[in-house]
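So that the names make sense, note that chain A is the first sequence line, chain B the second, and so on, each numbered from 1.
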Amino acid sequence: MKEKPRSRKEPKPRTNKAPKPGKRDENKERTKERILDVAMKLFQKHGLDGTTTKQISRQAGIAEGTLFNYFKTKEDLALFFFQKETDSLIEWFRGEKDLQRAPLAEKLFAIIHRQLEYLEPCEDFIGAVFFRSLQPRSKLSPLSLESQEFRIKYLKFIKEVLSEAEEEKEIPPLGDLGAYAVGLFYIGIVTHWLHDPSNGKQKTLAILDRCLQMGTRFVKKEGWEW
Amino acid sequence: MGVVNNKNKSFARGARLAQLGAGLAGSYLAYQLQRPFLSDEKQKSRRQSLNNKQATSVREELQNLRGPIMKVGQALSMQTHALGPEWIEQLSALQMQAPPMHPSLMRAQFKSAFGKYPEEVYRSFEPKPFAAASLGQVHWAVTPGGDEVVVKIQYPAIREAIESDFTLLKTAGFAARLTGFLKDSIVQEAQRGILEETDYLLEAKNIEYFQKALQPLDFMRTPKVYRSLSNGQVLTMSRVPGMRLDEFLATKPSQELRNRVGASLMRLFFFQLFHVKALHADPHPGNYLFNLDGTIGLVDFGCVKYLKPEAIRCYGLFWSREWLHDDDLYAEVVHTVFGRKAAVKDAHVRRVMKEIAGFYDKFHPLTPNPPLLDVGDPKFMDSLTELARTLIKNKFLSADFLFLSRTESGMCNLLHILKAQLPSTKIAREYIPVITNK
Ligand SMILES: Nc1ncnc2c1ncn2[C@@H]1O[C@H](COP(=O)(O)OP(=O)(O)OP(=O)(O)O)[C@@H](O)[C@H]1O
């Protein structure tokens with residue numbers, strides 16, 4: 001079994017109200033973000049495999065050895081990327097006042113579109129990561145424990161959004177299944193998005209919209225109306 | 001109550017006419033494409049092999065699919081040469097309507113099409129659309145310079161959707177019944193025509209052309225294109241003031257105002273025909289905006305037809321009725337309406353020509369000092385519908401001519417709903433050139 005060294009050190013990583021981190025933790029987090037920022041730019045330029053740790057550490061202004069203290073592999077870096085993505089997604093969504101009153105199909109559209117937007121500047125990197133995550137031993141695999149943290153955070157967030165719609169009687173109660181379905185749908189959409197040759201990847205937008213409209217209608221009616 | 005009823009009747013009649021009008025539209029495709037492929041006999045037998053039931057079921061199939069495929073149905077409805085009248089009526093009842101975009105999708109699509117979000121481009125932008133468009137929707141906005149504008153945004157990947165509709169049409173089982181007697185090249189041409197409509201820059205060009213050309217008509221208002229805020233999928237134009245026809249009528253405009261507006265619409269028609277030599281060919285009432293000072297706004301230049309001289313000349317002949325006493329002019333009209341091979345002395349041809357003359361005797365009486373024409377009179381509209389029906393059943397040669405008829409019907413429809421009374425002969429004389437035997 002693999003360990004999760006970082007989360008072990010952090011006191012209560014899963015609660016929503018993050019405790020005030022110490023100065024050291026804060027600095028550490030900032031360095032990690034800087035490394036991520038630099039690495040993403042390099043990946044974009046040279047590809048995931050064409051980028052060396054030397055390049056990353058030099059541009060981030062740290063020693064190559066120090067880099068390994070933060071991220072052991074490029075996969076760890078990718079994991080950090082997705083953690084950041086999930087956190088910023090949730091923060092952004094809660095700040096969007098108009099969106100809170102929108103119908104479920106629009107909320108989910110906005111959420112997934114926001115995710116795609118986050119991925120957009122590093123499309124090549126995401127493509128490579130996506131490919132890797134299919135390998136069972138990869139830390140990025142949906143089954144790896146390392147990737148569970150941000151995945152569960154995401155699923156819980158989606159479940160919250162769905163529960164709101166359930167409370168409003170917009171959809172019948174779905175339980176956890178709804179969140180899993182959205183999660184799988186998201187993976188499908190990203191796959192489509194990565195291979196979308198249409199102008200401005202507009203086909204993905206259209207499919208995302210059509211599927212969500214159809215899906216929410218399906219759930220509302222508790223089945224197909226033929 | 002009586003008023004409401006009358007109004008509804010007018011609208012219903014207008015709708016029936018509009019259907020016919022839509023069927024008449026765009027037969028230039030048939031003109032260009034059909035002739036080389038189908039001999040007259042084949043065409044006849046194919047037409048006979050169809051029946052109304054089949055036509056209805058295909059329409060229903062297309063209707064069920066909704067979305068862009070309906071555009072295909074519409075395009076096919078324009079193939080007056082390829083399809084019988086029963087098909088044309090069924091298919092032209094389809095109205096293309098892209099799905100609505102909620103604000104989040106609209107923003108995403110705008111970004112994808114324009115590279116920035118609307119709020120980064122405009123000083124303000126109303127996220128809720130105020131009108132639907134056939135390929136997207138229309139929003140109010142204010143430019144950075146403070147101008148009130150209208151922004152038309154296309155639904156994402158509509159072009160690709162139309163392309164795949166056509167692929168489906170060419171391969172799917174239900175389409176076989178259609179494509180069985182539609183040559184591939186016709187479908188191809190219909191596709192090309194529709195895809196052209198998805199380019200808002202072409203529409204921008206049309207707007208600019210008409211804006212300049214209509215300047216002499218001081219009662220007309222057309223939009224101005226904001227080129228730097230437009231591209232193939234986003235069209236920014238100035239807001240044209242005015243009410244939709246029903247809103248305008250709800251203000252209970254005086255007969256004098258309705259007459260004035262009606263006369264202006266008629267002038268607009270003649271001016272386009274004989275001076276601009278191009279037609280705003282979408283007679284949909286929503287494209288006209290009316291003001292209490294009598295000015296008229298014209299929007300939606302997605303469908304503009306630049307006319308050939310023969311069609312304009314033939315139309316002038318219709319109005320002048322010179323052909324009634326001149327054999328050469330008579331033959332010219334017959335050949336324009338029925339095709340080059342038509343027999344001038346044919347009994348059927350003579351009947352149709354008489355009907356045409358009869359209609360224009362009502363529309364534009366040549367008697368000295370004719371009374372005002374009451375376009376609100378249902379009898380007038382019925383004779384127009386009757387004529388349109390007769391013409392639709394005949395093989396047209398000139399596509400330009402079809403656009404002309406369609407626009408004329410559209411104008412009459414508006415005049416009818418307005419219940420305008422006008423000196424039609426006097427107005428026509430201001431514009432129609434004297435046509436002599438060449
Ligand atoms: N410049 C404008 N000023 C004011 N209103 C406008 C303007 N342009 C468009 N509109 C309004 O928006 C509606 C739809 O726009 P438009 O007709 O251009 O779209 P379209 O895609 O061509 O739709 P359709 O072919 O179904 O009429 C119009 O009927 C009109 O009411």
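There is no contact between A/Ile207 and chain B, counting heavy-atom distances below 4.5 Å. Neither the backbone nor the side chain of B/Pro127 comes within less than 4.5 Å of any heavy atom in chain A.
A salt bridge links A/Glu26 with A/Arg30: at least one charged nitrogen is closer than 4.0 Å to a carboxylate oxygen. A salt bridge links A/Glu29 to A/Lys84: at least one charged side-chain nitrogen sits closer than 4.0 Å to a carboxylate oxygen.
Listed by chain and number, the residues in a ring pair (Phe, Tyr, Trp, His ring centres under 6.0 Å) with B/Phe114 are B/Phe110 (sequence neighbours excluded).
Atom CD1 of A/Ile35 is separated from atom CG of A/Asp76 by 11.5 Å, given to the nearest 0.5 angstrom. For the atom pair CZ (A/Phe185) and CD1 (A/Ile187), the distance works out to 12.0 Å, reported to the nearest 0.5 Å.
Between A/Phe157 and A/Thr86, every side-chain heavy-atom pair lies at or beyond the 4.5 Å cut-off. You'll find the side chain of B/Phe301 stays beyond 4.5 Å of the side chain of B/Met237, heavy atoms only.
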So between chain A and chain B, what donor-acceptor pairs come in under 3.5 Å?
{"unit_1": "A/Glu106", "atom_1": "OE2", "unit_2": "B/Ser104", "atom_2": "N", "d": "3.1"}
{"unit_1": "A/Glu106", "atom_1": "OE2", "unit_2": "B/Ser104", "atom_2": "OG", "d": "2.7"}
{"unit_1": "A/Glu117", "atom_1": "OE1", "unit_2": "B/Tyr117", "atom_2": "OH", "d": "3.3"}
{"unit_1": "A/Glu117", "atom_1": "OE2", "unit_2": "B/Lys111", "atom_2": "NZ", "d": "3.4"}
{"unit_1": "A/Glu117", "atom_1": "OE2", "unit_2": "B/Tyr117", "atom_2": "OH", "d": "2.1"}
{"unit_1": "A/Gly200", "atom_1": "O", "unit_2": "B/Ser112", "atom_2": "OG", "d": "3.0"}
{"unit_1": "A/Gln202", "atom_1": "OE1", "unit_2": "B/Gln109", "atom_2": "NE2", "d": "3.4"}
{"unit_1": "A/Gln202", "atom_1": "OE1", "unit_2": "B/Ala157", "atom_2": "N", "d": "2.8"}
{"unit_1": "A/Gln202", "atom_1": "OE1", "unit_2": "B/Gln233", "atom_2": "NE2", "d": "2.9"}
{"unit_1": "A/Gln202", "atom_1": "NE2", "unit_2": "B/Ser112", "atom_2": "OG", "d": "3.3"}
{"unit_1": "A/Gln202", "atom_1": "NE2", "unit_2": "B/Gln233", "atom_2": "OE1", "d": "2.7"}
{"unit_1": "A/Asp209", "atom_1": "OD2", "unit_2": "B/Tyr155", "atom_2": "OH", "d": "2.6"}
{"unit_1": "A/Arg210", "atom_1": "NE", "unit_2": "B/Tyr155", "atom_2": "OH", "d": "3.2"}

